[in-house]
**Q** 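Structure in structure tokens, see below.
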Amino acid sequence: MTSVLTTLTLFALTGAAFFIAFTLYRASHARPAIQALLHPLVVGPLLVTGVLLLTGVSYSHYRQANSPFFYLLGTATVALAIPLHQQFHHIRRLARPLLTTLLFGASFAVISALGIAWLLGGNSETLVSLAPKSVTTPIALGIAEKVGGLQGLTAGVVVFTGVIGAILGPLLFSKLGIRDDRIIGFVTGICAHGVGTTRAFEISSRCGAFSSLGLGMTGALTALILPWLILWWF
Amino acid sequence: MLRGLATLVCFQGIGEAVVYLSDMPIPGPVIGMVLLFATLQLTGTETPEWLGETGHFMIRWLSLMFLPACTGLFFLPDITTDQWLPIIGAMFLGTLLTMAASGYLMHRLMPDPDGDSQ
């Protein structure tokens, strides 16, 4: 009885933390830079962590109670096929720039992350966990699980990457003189996945559409190729 | 909505089954995504409304679904402190370098740069 109650409470904790974080995110709408920092995936996990530390509940217990969410991540991954299908006419029309940028960006994201981490003294477990950093979280977690990375580290790294891309991306593009919202969207989708895509939809709906296109294509490409590469390399 | 969810879960299950049977190092849901995409492409150009609705709903609430996974970042007993510098360095430098390089490349490749940017 107690354990059922605990499980339900821990499950409800996720919903409550998300609700508070989402409300805060909405309320900070006027200040985009602050809003990006207050993303529900930054504030929410902090709230849950606080409650778990205060009540002395272990993370594995919390994780077990919330296993439906882990399953739904996979379902959401399948759902990414839908915007991909709906935006497919863009791929036909802009096939060359889109596919070239995708191949370059997705591989450069992995290579630069691994190179920098290796130069700074990262061990092989860190490298494997970092490799899927630019892929949307559900896919990244699937990859990390398949190749023996640390799922918790991968999840955190992916979210943090998204936040960096969403905050600094628009600034970077204006410094580079890039104003085409199709480019901003697509590159944000490649590098900063879901968090970046939320931000891209705030710039314009076309920017958001190109961002979900980049997110879906990078996810599919990385998920299909990266596991083979890592297994071959390590 | 329920019909859409059932369809997605069905493709997820098929993906998991394919991975289980073939022993590929690819996540099952990704196979499900590829199969759903192929099905949509082959059956027609219009996405059925019930499926499009469910899809947008799932993607919109993606953050809620990965909240429990992200919390795991704060519970990593096996990360030694000397690994934090490579992790943070790779995230900041790697992401900014990739964004700048890919943005510049795509800018050069676009047929009508800045043509109709609004």
**Q** Of the non-hydrogen atoms in A:Ser112 and B:Thr98, which two are nearest, and what is the gap between them?
**A** OG-OG1, 3.4 Å

**Q** Inspect the surroundings of CD in A:Gln64 and state if more than 12 heavy atoms from other residues, nucleotides or ligands are less than 6.0 Å away.
**A** no

**Q** Which region of A:Leu53, side chain (C-beta onward) or backbone (N, CA, C, O), has a non-hydrogen atom less than 4.5 Å from a non-hydrogen atom of chain B, or is it both or neither?
**A** side chain

**Q** Could you walk me through whether A:Thr218 and A:Leu221 pass the side chain to side chain contact (heavy atoms under 4.5 Å, CB included) check?
**A** CA-CA 5 Å; A:Thr218 309; A:Leu221 182 81; 5.8 Å; no

**Q** Is it the case that atom CZ in A:Phe104 sees more than 12 heavy atoms from other parts of the structure closer than 6.0 Å?
**A** yes

**Q** For A:Tyr59, which residues count as a side-chain hydrogen bond (donor to acceptor under 3.5 Å, both in side chains) partner, sequence neighbours excluded?
**A** none

**Q** For A:Thr188, which atoms come within 4.5 Å of any heavy atom of chain B: side chain, backbone, both, or neither?
**A** both

**Q** Side chain from CB out, backbone as N, CA, C, O: work out which of these in B:Ile88 comes under 4.5 Å of a heavy atom of chain A, or both, or neither.
**A** neither

**Q** Considering only heavy atoms, which portion of A:Leu98 lies under 4.5 Å from any heavy atom of chain B: side chain, backbone, both, or neither?
**A** side chain

**Q** Please rank A:Leu172, A:Leu72, A:Ile164 by heavy-atom pairs under 4.5 Å with chain B and give me the top one.
**A** A:Ile164

**Q** Relative to chain A, which segment of B:Phe92 carries a heavy atom at a distance below 4.5 Å: side chain, backbone, both, or neither?
**A** both

**Q** Among B:Val34, B:Ile31, B:Leu96, which residue has the highest count of heavy-atom pairs closer than 4.5 Å to chain A?
**A** B:Leu96

**Q** With a 4.5 Å cut-off on heavy-atom pairs, point out which of A:Asn66, A:Thr100, A:Ile183 contacts chain B the most.
**A** A:Ile183

**Q** Do A:Leu168 and B:Met99 come close enough that some side-chain heavy atom pair is under 4.5 Å?
**A** no

**Q** As an exercise: rank B:Thr39, B:Leu85, B:Leu5 by heavy-atom pairs under 4.5 Å with chain A and give me the winner.
**A** B:Leu85

**Q** Top residue by heavy-atom pair count (under 4.5 Å) with chain A, among B:Val30, B:Thr7, B:Leu64, B:Leu36?
**A** B:Leu64

**Q** In terms of heavy-atom proximity below 4.5 Å to chain B, should A:Ile111 be classed as side chain, backbone, both, or neither?
**A** neither

**Q** Which one, B:Ala90, B:Gly94, B:Gly52, leads in non-hydrogen pairs under 4.5 Å with chain A?
**A** B:Ala90

**Q** Please indicate whether B:Leu2 has more than 12 foreign heavy atoms, meaning atoms of other residues, nucleotides or ligands, lying under 6.0 Å from its CG.
**A** no

**Q** Under the side chain to side chain contact (heavy atoms under 4.5 Å, CB included) rule, collect the residues that match up with B:His56, sequence neighbours excluded.
**A** A:Gln86

**Q** Heavy-atom pairs under 4.5 Å with chain B: which of A:Phe173, A:Tyr71, A:Phe19 has the most?
**A** A:Tyr71

**Q** Considering non-hydrogen atoms only, spot the tightest contact between B:Gly4 and B:Thr54 and give its length.
**A** CA-OG1, 3.4 Å

